[in-house]
Structures are given as C-alpha cells and as structure tokens.
*Asks:* 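First the structure, which I've put down as structure tokens, then a few questions once you've had a look.
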Amino acid sequence: MPELPEVETVVSLLKTLVVHEVIESVEIYWNNIIGEPNVTTFRNNIEQQVITDVTRRGKYIIFALSNGHLVSHLRMEGKYYVYDEKVEKDKHTHVIFNFKSGKEMHYHDTRKFGKMYLYPKNEPLAILSKLGYEPWDQDLSADALLDLAKRRSISIKAFLLDQSVIAGIGNIYVNEILFTTKIHPAQPVNTLSKKQFDAIIKATASILSAAIESGGTTIRSYTSSLGVTGLFQQQLNVHNRQNEACNVCGSDIEKIVVAQRGTYLCPICQSIQ
DNA sequence: CGTGACACCTGGCAGC
DNA sequence: TGCTGCCAGGTGTCAC
Ligand SMILES: [Zn+2]
C-alpha cells in the first residue's frame, strides 16, 4: 500500500497507539519478513523492550525502543493493526507483537514483501543510510538535483523513484508530480532544466502534503493500515485514470510503461522535449 | 559505477 | 463457472 503519505498516516496513528507499550513476546510466522538479524536473535533481543517513539524516514517506519530501533518497511501490501485484546491471526498475519498490557500489534502482508530490521542501541540504522533528501529538506534544491542528474541517462520517472535521490516518492505520486509539472515521464533526466527541477521540488512538497492531509491514497485494498481509508484518490489527476479526460485539457489519459512501472500521463499536457 | 531485467509473493480481474 | 495471463502503492540482486 504505501508511499510516503500513507506511511506518515500510519506512523501518526501508531504513535498514539503503541508508544509506552512493552513488548513481552513476538510471534514470527514468515521468516523472510525479518531482514536483520536472524529470526532467533531478533526475537530474543526485542523482547522486554519499550516502544518510546514512532517516526518515519522515506517510506520506512522507525520504532524507537528502549534499547535500539525497529525499522519496518511495508513494501507493497504491509499493514499494521493494533488490538486491545487477543485476536486470532488470519492467513496473512506474519508477525504478532504481544504487549505486556494485553494489547497486540499484528503485521499483515498479503504478498510477504515487507521487511523488519532490528538494530541495537547506538548502532547506525544501516538500511536508511543510502536514502536521499526528505521532500521538505531545506537542502533539497534544483542545483542539487541538476548535479545528481547530469551523470544519469535514465528517465525522470526512474530518477524520482530512486530513493537515494529523494526518499518517499512512489509510483502513484511520481505520476502526479510529472503531470503537475507538465513533464513526460520518459524524458531523459539529464535534459531537464533548473526551472523544471524547481517545479518538481515544489510539486513534490505540495502533492505529498495534500495527500497526507487526506490520509493518503486508498486504491485496490479496501482499507489500509489500522483500518484507515485515505481519500487522496479523489484528487488524482492521472494515476489509475486511463481513458478518462485530462482535468486540464480534456484529452484522454494514456497508460504506458516507464521504468518497468505502469505510467499514466496526458499526452497533450506532457509532451516529450 | 549505472542500468535494465528479474526475483520475491499472492490475489483480483478481464478475457476467453 | 473455470482457467489463463496480466497487473498491483517496492526494492534487492545480478549480469552487462
Ligand atoms: Zn491534458
């Protein structure tokens, strides 16, 4: 389910639900969800720790613990649910955190793509080390992007999906950002102007902020994490709108493939240069 | 190093 | 109703 706005929505909710909870035990039903360390060490080391905060970096959820950090990536379908009392797991529940209070936090993931990483106190969160700018970072500038782009031959879409450039943009929002800035997704990134990068930075911040305000985007899945249904899908201009009318010029929205991903665009508003 | 193809998984849905 | 193939909000790896 998640790109940055959906993760941000989940993080705010988790913060109200699990901060101060003590992890008494952890049940793991699909070992590959645990990225680091091995499953036994993960389980042994996390037990008895207190959750002290929940934050976000890019698309990662960071649980600050009394003696380290749990970093969790939901990938395509990961969801968290928190219950006040014991609830039976279902077919796609892969990790259960049992809290001392009797509450439970379930990690649910239909496709099993999600990953969790546990780091001891004072150790760097290695999985986050290669992430690029947060979209609202003051150091994110057109000059910085221009510099990163000049050695690259990929499309602007692939560039914006590269988490080492800007962290948090995924397939829905990159389609929307490129529509707003009137740039063709397949345009080679080393042909963009400083002005275009400025527009991309502004559009990224405003689209992601608006999406967070709406609780994110919900498509395909009936509810997302914690039963939240985001509403930003009502404001999408191109994503998932093949053959519908462009909100600017009325042309049919097209679907093509760029960077191996489904890509929606208005062929009139977004011409390749 | 940068790039594209592919692997990792399951379920929903369009088209026979 | 079945079956088949394609598609899905992501990223790690591997061979040029
Ligand atoms: Zn248009």
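Predicted model only: the values in this text are computed from it and were never measured. Labels below follow one simple rule: chain letters A, B, ... track the order of the sequence lines, proteins then strands, and each chain is numbered from 1.
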*Asks:* Of all the nucleotides listed (B:dT3, C:dA8, C:dG12), which has the minimum atom distance to the side chain of A:Tyr264?
*Replies:*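 Closest nucleotide to the A:Tyr264 side chain: C:dA8.
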*Asks:* Using the P atom as the point on both nucleotides, what is the distance between B:dC9 and C:dT4, in whole Å?
*Replies:*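 Rounded to whole Å, the distance is 22 Å.
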*Asks:* Hey, is A:Phe113 doing a stacking thing with B:dC9, by the 5.5 Å centroid and 30° angle criteria?
*Replies:*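 Here A:Phe113 fails the 5.5 Å or the 30° condition.
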*Asks:* Where does DNA chain C pair, written as one dot-bracket string 5' to 3', with Watson-Crick or G-U pairs under 3.5 Å, ( ) inside the strand, [ ] for crossing pairs and | for another strand?
*Replies:* .|||||||.|||||||
*Asks:* Please report the shortest heavy-atom distance between A:Ile156 and A:Leu178, naming the atom on each side.
*Replies:*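 Nearest pair, atom of A:Ile156 first, then A:Leu178: CG1-CD2, 3.8 Å.
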*Asks:* Identify the two heavy atoms, one from A:Arg57 and one from A:Tyr133, that lie closest to each other, and give their separation to 0.1 Å.
*Replies:*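 Looking at all heavy atoms of both residues, the closest pair is NH1-C, 4.3 Å.
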*Asks:* Got a sec, which pairs hit salt bridge (charged side-chain N to carboxylate O under 4.0 Å, His left out) with one end in residues 175-195 of chain A, sequence neighbours left out?
*Replies:*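 Listed by first then second residue: A:Asp143-A:Lys194.
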*Asks:* B:dT3 C1' sits how many Å from A:Arg151 CZ, rounded?
*Replies:* 16 Å
*Asks:* B:dC9 P sits how many Å from A:Tyr107 OH, rounded?
*Replies:* 13 Å
*Asks:* So is A:Lys89 actually on top of A:Tyr29's ring, under 6.0 Å and inside 45° of the axis?
*Replies:*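 Positive - A:Lys89 is close enough to the ring of A:Tyr29 and near enough to its axis.
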*Asks:* Which is true for A:Lys91 with a 4.0 Å heavy-atom rule: it touches a base, it touches only sugar-phosphate, or it touches nothing?
*Replies:*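 Since only primed, P, OP1 and OP2 atoms lie under 4.0 Å of A:Lys91, the category is sugar-phosphate.
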*Asks:* Would you tell me if any nitrogen or oxygen in the side chain of A:His73 comes within less than 4.0 Å of OP1 or OP2 on C:dT11?
*Replies:*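 Result: yes.
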*Asks:* Assess whether atom CD of A:Glu85 is packed by more than 12 heavy atoms of other residues, nucleotides or ligands within 6.0 Å.
*Replies:*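 No, not enclosed.
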*Asks:* Heavy atoms from C-beta onward define the side chain here; which of C:dT11, B:dC9, C:dA8 lies closest to that of A:Arg75?
*Replies:* C:dT11
*Asks:* Ion pair present between A:Glu134 and A:Arg56, side-chain N to carboxylate O less than 4.0 angstrom?
*Replies:* yes
*Asks:* Round to the nearest Å and state the distance from A:Asp162 atom CG to B:dT3 atom P.
*Replies:*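 Those two atoms, CG and P, are 9 Å apart.
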*Asks:* Can you pull every protein N or O that's under 3.5 Å from an N or O on nucleotides 4-7 of chain B?
*Replies:*
from, atom 1, to, atom 2, distance (Å)
B:dA5, OP2, A:Gln260, OE1, 3.2
B:dA5, N7, A:Gln260, NE2, 3.3

*Asks:* Taking any heavy-atom pair under 4.0 Å as a contact, classify A:Gly262: base, sugar-phosphate, or nothing.
*Replies:* sugar-phosphate
*Asks:* Within the structure, does a side-chain N or O atom of A:Lys112 lie under 4.0 Å from either OP1 or OP2 of B:dT10?
*Replies:* yes
*Asks:* May I have the distance from A:His239 (atom NE2) to C:dG10 (atom P), rounded to whole angstrom?
*Replies:* 9 Å
